[in-house]
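Everything on this sheet refers to the single structure shown next.
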Amino acid sequence: MPTLFEALQEKTREAVQHLYQHEVAAASIQVQLTRKEFEGELTVVVFPFVKIARNKPEAVGEAIGQYLVAHFEPVDRFNVIKGFLNLSFKDAYWARLLHHIAGDADFTVAPSTGQTIVLEYCGPNTNKPLHLGHIRNMVIGFSMAEILAAAGHDVHKVNIYNDRGIAICKSMLAWQLYGEGETPESSGIKGDHLIGKYYVRFAQEHARQVEELVAKGMDKEKAKLEAPLQQQAQEMLRQWEQGEPAVMELWRTMNGWVYAGFEETYAKLGVDFEKAYYESETYTDGRDMVYEGLEKGVFQKRDDGSVWVDLTDNDMDEKILLRSDGTSVYLTQDLGTAQARYNDYQMDRSIYVVANEQEYHFKALQATLEKLGKPFADGIYHLSYGMVDLPTGKMKSREGTTVDADDLYEEMVETAAATTQELGKTAELDADAAHALYRMIGMGALKYFLLRVNPKKRILFDPQESIDFQGDTGPFIQYTHARIRSVHRKWKAAGQPTGDFSGPLTAMERQLILHLYRYPQVVQEAAADYDPSHVANYTFALAKLYNRFYADHPILQGDNEGQQYFRVRLSALTADIISKSMKLLGIAVPEQM
RNA sequence: GGACCCGUAGCUCAACUGGAUAGAGCACUUGACUACGGAUCAAGAGGUUACAGGUUCGACUCCUGUCGGGUUCACCA
């Protein structure tokens, strides 16, 4: 069934053909929402037909308007201002739309596209805890998965653990040297934070050694490499790659602590994964793919034994794939991971939610897979998002200038609790329900804060200024939902009175219905643009519109039972769409707050 | 230096993908029902859309150049 917009485009096409004997593509006809200072709900832009018609814009608008009134049943009347044809629709038509939105189970669920998408997000290193940057990643990734699923795709969320390499060895080494057997259990420190503690410790001790060497006259860059700790870490990495049992054992133990810590954080944020990939398991596959490329002649081996791919045709440089000692680099293991993923899912699209500092890497990855002739190379998409900066600059784990994910979570929940208690509207909730509510509101504020902005843009986060709970925020939208549910409970308590209603509708009621009606379109746009902020902005606009409606439209005290029932339904539907939209953002909405 | 991204109200962001007088929130000023929840609503003030050209009936949007900010161009990941 065509949407209202499509039907209007088609009828306008018909009008142009009938009036001017000229074919235009229906899809090219511009339909927009009427600006609020003019009468009407939808506007057709007639400028493009002016040349065809060889007439003034006003005359063309007039002619098409008359045609539509005569031939497009929903249209009630129209007015023309310059090249804009503003259309008003019949009250009965709005009632029909409302019925469609409420009654059609498929309204909020797009038909299946049959397309399989694998969406990778989070992708942490296992040598330090998660911070605000990871939160932005997870919130975008989770939301994008929800949106793509709502757009009809078959979405699989996966995680990738960068669980090997020199950084992990640094944490391991520092723990070995200074840890005195400390464990998460013995210290009461969450596993990922414990590893982070030793990562920082390594950096401190290493810096001290470097200073000593520099004091003895060594060049600083050289000292960084020559420092005993650095040497020991590299030796440990070599042992790891050789599968030295003691090192492997330590590695498995410490990574185990980290994963347990991460799981806790995922649960708090309400994100999940269908499957996890580990670079320690895929990097050898990547190496095999490089050999395969050598055989095919698409990669080149140099005299020193290193292997390269020439990407100069793709406006990039030559990239190394295997070091002269035969070991893998970052790009190599991502080749292996991509292949493993394809073996598991045979996906049509593979989306990587990764910060924009890795744009070059993903271009190189895609180009390299193309050279290998991999069928999944085309479907790779890097959902690149801007970094979260602090007023002091970039977050750096080694320097302890990060905003820790768990800390931020606690702060958000505490603020939500304080605000809620101050307003005192939920005093009757028991402790568990109250705490669940604070979490819901705190996470709503945080997630909305991160999702309302286009992912591409970098975000400046000022820890001094706490995230707002008023205005364009998650709690504002949650509040709107709670408010509607409250009215609904009152209506139910009054015995759920119903009645027929034939209008007239107010301008705001029409606007509200039209806005609700646009929901599927917004979902499609967000999916096509890989941009959850479309959904966030839509939801805020809906809540705002409803609050305005609420302020001067009596619902349970309407003129008659018909009008009351109509407004109850309109309200309930608004709550429903708010709830669904927020779900796409990974945010829950409360019955009261 | 090359490539990519960003620049809109004091601050944080929009602008239906080229359409009307560029809209919201925060902050500031003023106001609101003994009606359904004041985490709300209404009103005021706030703009040379970084700058200069160009294309177009029409440009925040497209093209060219300039300036400013960010990222990247590792035998790190």
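Excluded from the calculations below are hydrogen atoms, water molecules and symmetry mates; all remaining heavy atoms, backbone and side chain alike, are included. Naming: A, B, ... by sequence-line order, numbering from 1 per chain.
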What's the gap between [N] and [M] when it is taken at their [atom1] atoms, as a whole Å value?
{"N": "A59(B)", "M": "G54(B)", "atom1": "C1'", "answer": "11 Å"}
{"N": "A27(B)", "M": "G37(B)", "atom1": "P", "answer": "25 Å"}
{"N": "G46(B)", "M": "A24(B)", "atom1": "C1'", "answer": "14 Å"}

Between [Y] and [X], is there a side-chain donor-acceptor contact under 3.5 Å, judged purely by atom types and distance?
{"X": "R302(A)", "Y": "S306(A)", "answer": "no"}
{"X": "Q333(A)", "Y": "R164(A)", "answer": "yes"}
{"X": "S280(A)", "Y": "D163(A)", "answer": "yes"}
{"X": "Q358(A)", "Y": "Y330(A)", "answer": "yes"}

Length of the [atom1]-[atom2] vector between [X] and [N], whole Å:
{"X": "Q478(A)", "N": "A39(B)", "atom1": "CD", "atom2": "P", "result": "14 Å"}
{"X": "H481(A)", "N": "C36(B)", "atom1": "NE2", "atom2": "P", "result": "20 Å"}
{"X": "N125(A)", "N": "C76(B)", "atom1": "CG", "atom2": "P", "result": "16 Å"}
{"X": "R164(A)", "N": "A77(B)", "atom1": "CZ", "atom2": "P", "result": "7 Å"}
{"X": "Y448(A)", "N": "A24(B)", "atom1": "OH", "atom2": "C1'", "result": "10 Å"}
{"X": "L545(A)", "N": "A42(B)", "atom1": "CG", "atom2": "P", "result": "10 Å"}
{"X": "Q511(A)", "N": "A24(B)", "atom1": "CD", "atom2": "P", "result": "11 Å"}
{"X": "F540(A)", "N": "U40(B)", "atom1": "CZ", "atom2": "P", "result": "9 Å"}

Between [X] and [N], is there a contact of a side-chain N or O with OP1 or OP2 at under 4.0 Å?
{"X": "K82(A)", "N": "G19(B)", "answer": "no"}
{"X": "R452(A)", "N": "C26(B)", "answer": "no"}
{"X": "R548(A)", "N": "A42(B)", "answer": "yes"}
{"X": "K319(A)", "N": "C75(B)", "answer": "no"}
{"X": "Y479(A)", "N": "A39(B)", "answer": "yes"}
{"X": "R35(A)", "N": "A22(B)", "answer": "no"}
{"X": "R485(A)", "N": "G37(B)", "answer": "no"}

Would the base of [N] count as contacting [X] through its side chain, where contact means a donor and an acceptor less than 3.5 Å apart?
{"X": "T473(A)", "N": "A39(B)", "result": "no"}
{"X": "T43(A)", "N": "A20(B)", "result": "yes"}
{"X": "D552(A)", "N": "A32(B)", "result": "no"}

Worksheet item: Syn versus anti for U17(B), judged by chi lying within 90° of 0?
Response: syn

Worksheet item: Going by the ring pair (Phe, Tyr, Trp, His ring centres under 6.0 Å) test, which pairs reach into residues 474-496 of chain A, not counting sequence neighbours?
Response: F476(A)-F540(A), H488(A)-W491(A)

Item to complete: Give a yes/no verdict on base stacking between A39(B) and F476(A): centres under 5.5 Å, planes within less than 30° of parallel.
Response: no

Worksheet item: Can F469(A) be classed as stacking with the base of A39(B), given a centroid separation cut-off of 5.5 Å and a plane angle cut-off of 30°?
Response: no

Fill in: K224(A)/E221(A) ion pair, N-O < 4.0 Å
yes

Discussion item. In this structure, is the centre-to-centre distance between the rings of Y20(A) and F49(A) below 6.0 Å?
Written reply: no

Practice prompt. Of all the heavy-atom pairs spanning D468(A) and T473(A), show the shortest one and how long it is.
Written response: O-CG2, 3.5 Å

Discussion item. Between N86(A) (side chain only) and V80(A) (backbone N and O only), is there a donor and an acceptor less than 3.5 Å apart?
Written reply: no

Restricting both atoms to N or O, compile the protein contacts to nucleotides 1-7 of chain B shorter than 3.5 Å, with distance only.
| residue | atom | partner | partner atom | Å |
| --- | --- | --- | --- | --- |
| C4(B) | O2' | E359(A) | OE1 | 3.3 |
| C6(B) | OP1 | K456(A) | NZ | 3.1 |
| G7(B) | OP1 | K457(A) | NZ | 3.4 |

